[in-house]
Undergrad: 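Below is one structure. I have some questions about it.
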Amino acid sequence: LVGADGINSRVRAAMLEQTPGFVAEETVLPGRFKVMVEPTFPGSLEPDAVHAVGGGGGRNGPGFGLFTIPAGGGRACTLVNIG
C-alpha cells in the first residue's frame with residue numbers, strides 16, 4: 001500500500017515507471033481544490049495542530065472547507081475545497 005497524494009504525485013509516477021506490476025488507482029473527487037503554502041503560520045492558530053473550517057452546502061449554495069496544517073519552518077499549508 002502506497003499513499004501518493006496529488007494528481008501529479010512524483011512517488012506514484014516513479015513507482016509506475018520503476019516497479020513492474022505496480023498498479024495505481026486514482027479517484028477524482030467532487031468539487032475544486034486549491035493548496036496554498038503560507039510563509040508564516042497564522043498567529044491565532046495553534047502551530048502544532050490541524051485546523052478545519054467548513055460551511056454552506058445544500059440550499060445555501062456550494063459548500064466549502066478550509067484545512068490548515070503546519071508545513072515546517074514556521075509555514076502553513078492550507079487546502080481549500082469548494083464544491
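When reading the values below, keep in mind they use all heavy atoms of this one structure, side chains included, and skip hydrogens, waters and symmetry mates.
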Undergrad: When rounded to the nearest 0.5 angstrom, what is the spacing between NZ in K34 and CG in L79?
TA: 11.0 Å
Undergrad: V23 and M15: same hydrophobic cluster, using ILVMFWY side-chain contacts below 4.5 Å?
TA: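 V23 does not cluster with M15.
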Undergrad: Please report the closest heavy-atom contact between T40 and A76, naming both atoms and the distance.
TA: O-CB, 4.3 Å
Undergrad: Write down the atom of A24, the atom of R12, and the distance for their closest heavy-atom approach.
TA: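 Shortest heavy-atom contact: CB-CD, 3.5 Å.
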Undergrad: Please say yes or no: joined through hydrophobic side-chain contacts below 4.5 Å, possibly via intermediate residues, are L66 and V50 part of one cluster?
TA: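 They do not share one cluster, since no chain of ILVMFWY contacts under 4.5 Å joins L66 to V50.
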Undergrad: Run through the side-chain heavy atoms of Ile, Leu, Val, Met, Phe, Trp and Tyr, join any pair under 4.5 Å, and report what else lands in F41's cluster.
TA: L45
Undergrad: Only counting residues at least two apart or in another chain, list the ones meeting side chain to side chain donor-acceptor pair (under 3.5 Å) with T78.
TA: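 Expected list: E38, T68.
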Undergrad: Partners of A14 by side-chain contact (heavy atoms from CB on, under 4.5 Å), sequence neighbours excluded?
TA: Q18
Undergrad: Would you name the heavy atoms of A49 and P70 that are closest together and state the gap between them?
TA: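 Reported closest heavy-atom pair: O-CD, 3.5 Å.
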